[in-house]
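Before any comments, here is the structure.
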Amino acid sequence: MKAYLELMNRILDEGVEQRDRTGVGTMSVFGHQMRFDLSQGFPLVTTKKLHLRSIIVELLWFLRGDTNVKWLQERKVSIWDEWAASDGELGPVYGKQWRRWETPDGIAIDQIAALVKEIREKPASRRQIVSAWNPADLPQMALAPCHCLFQTRVANGRLDLQLYQRSADVFLGVPFNIASYALLVHILAQQCDLEPGTFVWTGGDCHLYSNHLEQARLQLTRDPKPLPTLRILRKADSIDGYEPEDFAIEGYEAHPHIKGAVAV
Ligand SMILES: Nc1nc(=O)c2c([nH]1)NC[C@@H]1CN(c3ccc(C(=O)N[C@@H](CCC(=O)O)C(=O)O)cc3)CN21
Ligand SMILES: O=c1ccn([C@H]2C[C@H](O)[C@@H](COP(=O)(O)O)O2)c(=O)[nH]1
């Protein structure tokens, strides 16, 4: 995960101070790209221990089309709690836009099902895109989508994916986002009889919150370890058929966990 350390290093080196929406304050750079060849291992940060289960459960929650934290909480995942209303709702966030984007005449578009169909039937298509950025729905969302658009592409029997993340909390969010989309590539590839290819992460405002700077510097003193391997233990009948227990990570060696407060 050298690419991740390089991003943290770049922010510490050339980032500018920004006052942000949360009031915490950040150091930020604008525009950055990282590439992960998924045939070389699963990109899980090794310079601090990560809880992959939360990442798996969150991705399956997006794929369910769910926008209520209840399902996450029942599975002991609390990462969205701070933004939820008292009934658990987050408004029309990722799950809604991925699975039920509403047209003005009330038709629901399942972007994920359409993507799987496009990859299978038109692998050379340059229109394999899913967007969570729905300007009409933004006012109702608890938080505007950060990982807002992704595109896939098929070449040489491999599935590549590029994500555009408009806003990136590099210490807390980005390790989750990288692993989550790498996992999504594995799932989509399995469903479409392809091999996982390259995951390209593209960030807009890439920042370290002022209360994460020490944690970032500590990680930069640590040597990254070899990447683990992700195994999907079963091929589900469709993209909707996966359970958290279907995924296993092998050979994950990491430095101790580092705590950091989340900016709300
Ligand atoms: N400021 C901010 N940063 C984010 O990364 C973020 C948001 N807000 N809002 C929405 C979601 C929620 N995400 C989160 C929220 C919390 C953690 C977090 O606290 N992670 C802990 C461990 C939590 C666990 O595994 O249960 C960590 O140390 O990584 C991670 C991602 C990503 N997003
Ligand atoms: O998946 C996610 C979700 C959120 N973030 C971070 C990026 C920012 O620090 C905040 C969102 O604040 P905005 O003012 O809406 O940009 O959450 C992330 O890194 N990854």
Side-chain angles (χ1 to χ4, degrees), residues 1 4 7-8 11 15 17-30 32 34 44-59 61-62 66-69 72-85 88-91 93-95 97-98 130 132-135 137-150 163-184 201-216 218-219 244 249 252 254-264:
M1 295 301 289
Y4 174 69
L7 170 56
M8 283 199 302
I11 296 172
E17 272 184 51
Q18 292 254 283
R19 273 193 238 168
D20 77 297
R21 176 187 55 80
T22 67
V24 175
T26 68
M27 298 274 281
S28 133
V29 298
F30 189 62
H32 192 89
M34 301 187 273
L44 198 58
V45 165
T46 57
T47 44
K48 71 171 184 186
K49 178 126 189 175
L50 276 177
H51 191 208
L52 185 66
R53 196 186 144 84
S54 300
I55 298 168
I56 295 169
V57 169
E58 187 202 34
L59 178 65
W61 175 73
F62 294 149
D66 204 338
T67 59
N68 192 296
V69 295
L72 295 176
Q73 288 171 345
E74 284 162 12
R75 284 154 189 82
K76 309 266 174 284
V77 174
S78 55
I79 59 172
W80 278 99
D81 287 3
E82 280 93 341
W83 294 271
E89 258 309 314
L90 291 163
V93 291
Y94 304 99
Q97 305 304 339
W98 282 15
V130 172
W133 192 261
N134 181 340
D137 278 359
L138 289 178
Q140 276 75 253
M141 298 185 197
L143 200 64
C146 288
H147 43 101
C148 45
L149 180 138
F150 68 93
L163 167 70
Y164 186 78
Q165 182 163 347
R166 65 163 181 89
S167 178
D169 174 346
V170 171
F171 175 70
L172 267 189
V174 170
F176 270 56
N177 297 130
I178 296 171
S180 178
Y181 276 87
L183 196 62
L184 181 60
W201 182 93
T202 301
D205 188 302
C206 306
H207 47 269
L208 280 170
Y209 281 101
S210 59
N211 56 353
H212 293 163
L213 298 177
E214 283 317 306
Q215 290 91 324
L218 171 59
Q219 276 190 88
I249 194 81
Y252 182 44
H255 291 271
H257 181 71
I258 308 173
K259 279 199 181 136
V262 69
V264 180

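Counting starts at 1 for both ligands and their atoms, in listed order. For the single chain, residues carry numbers from 1 onward in sequence order.
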Could you tell me which atoms of ligand 2, counted from 1 in the order shown, lie closer than 4.0 angstrom to a heavy atom of Gln165?
-> 18 (C), 19 (O), 20 (N)
Heavy-atom protein neighbour under 4.0 angstrom from atom 7 (C) of ligand 1 = yes
Please check if atom CD in Glu74 has more than 12 non-hydrogen atoms from other residues, nucleotides or ligands closer than 6.0 Å.
-> yes
Heavy atom of His257 under 4.0 Å from ligand 1?
-> yes
For Lys48, look at atom NZ and say whether over 12 heavy atoms of other residues, nucleotides or ligands are found less than 6.0 Å away.
-> yes
Taking distance alone, with no angle check, do Ala263 and ligand 1 share an N/O pair under 3.5 Å?
-> yes
For Asp169, is at least one N or O under 3.5 Å away from an N or O on ligand 1?
-> yes
Among Cys146, Gly204, Ser180, the residue with a heavy atom nearest to atom 5 (N) of ligand 2 is Cys146
Indicate yes or no: does an N/O atom of Ser78 lie under 3.5 Å from an N/O atom of ligand 1?
-> no
Option of least heavy-atom distance to atom 31 (C) of ligand 1 (set: Trp83, Phe176, Tyr209) | Phe176
Mark whether atom 33 (N) of ligand 1 lies under 4.0 angstrom from at least one protein heavy atom.
-> no
Aromatic centroids of His207 and Phe171 separated by under 6.0 Å = no
What atoms of ligand 1 come closer than 4.0 angstrom to any heavy atom of Leu143?
-> 9 (N), 10 (C)
Within the 6.0 Å centroid threshold, strictly below: Trp201 and Tyr4 = no
What protein heavy atom is closest to atom 15 (C) of ligand 1, reported as residue, atom name and distance in Å?
-> Ile79 O, 3.4 Å
Judged by non-hydrogen atoms, does Tyr209 sit under 4.0 Å from ligand 2?
-> yes
Of the listed options (Asp20, Leu172, Thr26), which comes nearest to atom 20 (N) of ligand 1 when hydrogens are ignored and any heavy atom counts?
-> Leu172
